Amino acid sequence: MSRFFSKKYASLVPYVPGEQPRDRKYVKLNTNESPFPPSPAVFNAVLEEAGMLQLYSDPDCSILINKLSEVYGVAPERLIATNGSDEALEFAFMAFCDGEHPIAFPDITYGFYPVFAEKNGIPYEEIPLNDDLTVNVEDYIGINKNIVIANPNAPTGIALPLSDIERIVASNPDNVVIIDEAYVDFGGESAVKLTEKYDNLLVVQTFSKSRSLAGARLGFAIGSPELIADMHTLRYSTNPYNVNRMTCAAGYAALTENGYYMQNAETIKRTRAYTAAEIEKRGFSVTDSKANFLFVRHGKISGEKLYLGLKEHGVLVRHFKKERIKDYCRITVGTAMEMKTLLDKTDMILGGEK
Ligand SMILES: *Cc1c(COP(=O)(O)O)cnc(C)c1O
């Protein structure tokens with residue numbers, strides 16, 4: 001730390017992204033990316049925009065917003081595009097939370113939430129998940145705090161039914177409820193349609209997981225025109241060109257070929273079911289994941305040992321040191337072939353490296 005670093009950040013513990021090592025080629029199952037490349041229209045769109053990079057991007061992302069409006073059936077003034085959904089989440093924290101409006105979220109969830117809160121001086125409450133790692137919905141009923149819930153949750157993959165989300169939103173009418181739907185395309189129930197009914201509901205989604213654009217950084221949020229206007233105020237006060245030209249075009253192009261991505265999501269769901277069954281046969285317990293990853297635990301091998309063993313064999317998965325989940329590994333669902341490699345290497349590790 002330099003002697004110039006602001007005291008207000010001195011104790012900030014940054015978010016730790018999954019490792020992206022370059023030392024060798026890994027089967028990469030640690031950051032929930034899509035194993036499938038972007039669709040053809042995305043390649044063309046990016047190339048075409050590259051020839052116009054001397055010009056700033058459209059700060060309103062109009063072509064993208066209009067296409068999102070069509071695909072999701074919501075008016076453009078209910079939409080905002082962001083540099084990854086992480087940015088949408090942080091704008092929401094900044095816009096709606098402060099000392100008088102603290103935020104609550106599960107103790108086991110996306111690791112960025114406490115970081116956004118710490119960084120922006122927002123008080124927060126971490127509400128423990130049930131022993132089976134499900135969200136206890138009653139804990140959130142009428143708590144009179146802002147709330148953020150990933151649905152499906154990460155890293156558990158467990159989803160709440162829409163009726164529970166609605167109860168939480170309806171019981172906290174004077175607080176903003178943010179539903180992070182990063183994984184919704186893999187089997188969750190989206191709350192988008194409730195955004196017309198509740199002016200305190202903000203739904204955040206991303207192109208990083210189901211739409212194969214993690215490297216492009218594109219997310220979006222849907223809410224009442226008033227909530228969205230507040231987020232635009234933060235956006236224009238941070239970076240009006242937050243979504244670059246190539247990403248805006250890539251996102252639009254991806255939506256014109258949405259069927260390809262939704263088919264890929266179906267493939268992932270089938271591969272997830274197959275892999276879960278196979279891994280259970282090997283003595284693991286697996287949470288009921290509605291996301292593009294599995295959260296697994298084995299009575300005879302620690303999460304860290306499995307993670308390290310797999311890494312040695314060229315397969316990267318994610319292990320979290322957090323006490324409650326340190327026995328687990330989170331494994332991204334890749335192609336069927338990648339899953340076969342995972343299972344083979346797991347067998348070697350469990351069999352004592354035969
Ligand atoms: C991956 C992820 C995000 C954000 O991803 P972006 O790449 O910034 O869009 C947000 N929330 C959860 C729960 C995630 O897993």
Side-chain angles (χ1 to χ4, degrees), residues 14-20 28-35 38 61 64 68 79-94 103 105-117 119 126 129 133 135 147-160 165 177-188 190-191 202-222 231 235 238-239 242-244 247-248 250-251 254-255 261 265 268 272 287 289-295 317-318 320 322 325 328 330-334:
Y15 174 73
V16 183
E19 57 193 324
Q20 311 277 1
K28 203 168 165 303
L29 307 175
N30 69 329
T31 48
N32 300 342
E33 291 140 322
S34 173
C61 286
L64 172 64
L68 281 169
L79 280 158
I80 181 173
T82 54
N83 189 313
S85 61
D86 288 339
E87 190 183 56
L89 290 164
E90 183 165 28
F91 286 162
F93 272 64
M94 292 164 81
I103 189 159
F105 45 82
D107 62 338
I108 306 296
T109 189
Y110 188 38
F112 237 132
Y113 305 152
V115 178
F116 290 143
K119 178 177 153 195
E126 296 179 286
L129 294 180
L133 303 182
V135 170
I147 293 166
V148 58
I149 290 179
N151 193 39
N153 197 11
T156 65
I158 300 168
L160 285 175
I165 298 292
V177 178
I178 304 164
I179 303 300
D180 179 351
E181 295 188 346
Y183 299 104
V184 74
D185 295 331
F186 302 104
S190 177
L202 188 77
V203 175
V204 176
Q205 290 199 14
T206 180
F207 280 66
S208 294
K209 312 283 162 58
S210 58
R211 289 203 180 95
S212 302
L213 287 178
R217 314 303 304 127
L218 183 60
F220 60 98
I222 299 175
M231 290 178 65
R235 185 173 71 83
T238 307
N239 181 6
N242 61 331
V243 178
N244 75 66
T247 295
C248 185
L255 291 172
Y261 298 99
I268 298 273
R272 177 179 71 203
T287 59
S289 174
K290 296 281 187 276
N292 66 340
F293 54 81
L294 292 168
F295 200 48
V317 300
R318 189 91 197 253
F320 300 92
K322 204 164 179 159
I325 51 169
Y328 289 81
R330 191 194 68 191
I331 303 168
T332 304
V333 177

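Just so you know, ligand 1 is whichever comes first in the structure, and atom 1 is the first atom listed for that ligand. Because the structure is a prediction, the values reported are computed rather than measured. The basis for the numbers below is simple: all heavy atoms, side chains too, and nothing from hydrogens, waters or symmetry mates.
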For ligand 1, which atoms, with element, lie under 4.0 Å from some heavy atom of [X]?
X: S208; value: 6 (P), 7 (O), 9 (O)
X: G84; value: 8 (O), 9 (O)
X: Y183; value: 1 (C), 13 (C), 14 (C), 15 (O)
X: T206; value: 6 (P), 9 (O)
X: K209; value: 1 (C), 2 (C), 3 (C), 5 (O), 14 (C), 15 (O)

Which residue supplies the protein heavy atom nearest to atom 8 (O) of ligand 1, what is that atom called, and how far is it?
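Here the closest protein heavy atom is R217 NH2, 2.7 Å.
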Specify the protein heavy atom at minimum distance from atom 13 (C) of ligand 1: its residue, its atom name, and the distance to 0.1 Å.
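Result for atom 13 (C) of ligand 1: D180 OD2, 3.4 Å.
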Which bit of [X] is near ligand 1, meaning a heavy atom under 4.0 Å away: side chain, backbone, both or neither?
X: D86; answer: both
X: E87; answer: neither
X: F207; answer: neither

Output, in order, the C-alpha distance, side-chain angles, deciding distance and verdict of salt bridge (Lys or Arg N to Asp or Glu O under 4.0 Å) for E33 and K28.
CA-CA 9 Å; E33 291 140 322; K28 203 168 165 303; 2.8 Å; yes
Candidate pair Y110 and Y15, rule ring pair (Phe, Tyr, Trp, His ring centres under 6.0 Å), full reasoning
CA-CA 10 Å; Y110 188 38; Y15 174 73; 5.7 Å; yes
F93 and F105 aromatic ring geometry - parallel, tilted or perpendicular at 30°/60° bounds:
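Tilted, since the angle between the ring planes falls between 30° and 60°.
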Pair D180, Y113 - check side-chain hydrogen bond (donor to acceptor under 3.5 Å, both in side chains), show working.
CA-CA 11 Å; D180 179 351; Y113 305 152; 2.7 Å; yes
Mark yes or no for whether N292, through its side chain, and A265, through its backbone, hold a donor-acceptor pair below 3.5 Å.
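No.
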Looking only at distances, can you tell me whether any N or O atom of Y113, backbone or side chain, sits closer than 3.5 Å to an N or O atom of ligand 1?
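No - when backbone and side-chain N and O of Y113 are compared with those of ligand 1, no distance drops under 3.5 Å.
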Consider every N or O of S85 and every N or O of ligand 1, then say whether any pair is closer than 3.5 Å.
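Yes; the residue has a nitrogen or oxygen that sits under 3.5 Å from a nitrogen or oxygen of the ligand.
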Please report the C-alpha distance between E87 and N242 in whole Å, then the side-chain angles of each, then the deciding distance to 0.1 Å, and finally whether the side-chain hydrogen bond (donor to acceptor under 3.5 Å, both in side chains) criterion is met.
CA-CA 9 Å; E87 190 183 56; N242 61 331; 2.8 Å; yes
Applying salt bridge (Lys or Arg N to Asp or Glu O under 4.0 Å) to R217 and D86, what does each step give before you reach the verdict?
CA-CA 9 Å; R217 314 303 304 127; D86 288 339; 3.8 Å; yes
Ring pair (Phe, Tyr, Trp, His ring centres under 6.0 Å) evaluation trace for Y261 with F207:
CA-CA 10 Å; Y261 298 99; F207 280 66; 8.2 Å; no
